[in-house]
Amino acid sequence: MNQKKILILGALGQIGSPLTQKLRQIYGNELVIASDIKHDKNNRLTDGPFELIDATNYQQILNSIKRHNVDTVYLMAAMLSATSEKHPEKAWNLNLSSLLNILNLAKAGYVKTIFWPSSIAVFGPTTPKENVPQQTLMEPTSVYGISKAAGEDWCAYYHNNFGVDVRSLRYPGIISWQSLPGGGTTDYAVDIFHKAVKGQPFSCFLEARTKLPMMYIDDALEATIKIMNCAPKKLTVRTSYNLSAISFTPEEIFNSIRSYYPLFSIEYHPDFRQSIADSWPNSINDFQARKDWGWEPKFNLQELTKAMIEHLKL
Ligand code: AKB
């Protein structure tokens, strides 16, 4: 009865939804509380408890933590890069006040361990383009990147000053079939699969040769669970770990999909998201994550393409 539970904030999001399912497989449905600011209209997470929680509302989170005896929180609620450019203050407020809520709850002793996702968006035009090291120049130019870079510093601050056990990964673009992304610059690499399996042409909002770091959802979930299960003393990075799997361009993913759908076609119509993508690196060096907690990705572009098409065709 007294078992400690996990709370996921933003459980209906692109990563929150498969993460909830994965954690429920591992720890049992009843021990993983899903929550989001909106109702689970499509009944995606009905196999366990679900609550309406606004991640910017400290009291709502605290009530849920007390009600369910929660000791671990995954804060997956965020506004992504493209939407953040349209609503800068809203993005700052959601991305930072939700994080400060959780950090303060941990500082006050209500939460033991926190997972908070950062992003490759913390990097900017002055960061090296290739093989970005863990520690490097970080001068993000997007609103989202600024919020994530500040969030990383808050994580390290709460860890260093108050002993808060907060763990974080700099996710690249995540490719998933379970739920659609919303408002990101890497979203094209998910949308392209939906168009291909429906037999429709694809209009890409990035240029053909824009190379970005990407990762299949299974690898992202594996990394998240691995870092959360790691002994705290092994974690040498308390801002956020670089995390890498593959890098590809729209042209390369299109060609990979075309080996399944030879008639699939693409047109390139770059929009405001092109300059966000241009400010991000092409590839990431994740040596520290490999060294500290044994990170190793499994999916390359061919395997990711096969997995996405198999799942979406069902
Ligand atoms: C986005 O495109 O905004 C996100 C990210 C790279 O963090 N997918």
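Remember, it's 1-based here, ligands and their atoms both numbered in the order they're listed.
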* Structure fact -> Residues joined to L45 in its hydrophobic cluster, side chain to side chain under 4.5 Å directly or through other members, sorted by chain and number, are L12, F50, L52
* Short side-chain donor-acceptor distance under 3.5 Å, S179 and Q14 -> no
* R273: what forms a salt bridge (charged side-chain N to carboxylate O under 4.0 Å, His left out) with it, not counting sequence neighbours? -> D271
* Is a salt bridge present between D292 and K233, judged by a nitrogen-to-oxygen distance below 4.0 Å? -> no
* To do: Among Q59, K5, E51, find the residue that satisfies the side chain to side chain donor-acceptor pair (under 3.5 Å) test when tested with S64.
  => E51
* Structure fact -> Sorted by chain and number, sequence neighbours left out, salt bridge (charged side-chain N to carboxylate O under 4.0 Å, His left out) with E251 holds for R209
* Structure fact -> Counting only non-hydrogen atoms and a 4.0 Å cut-off, the residues near ligand 1 are L80, S81, S119, I120, Y144, G184, T185, T186, W280
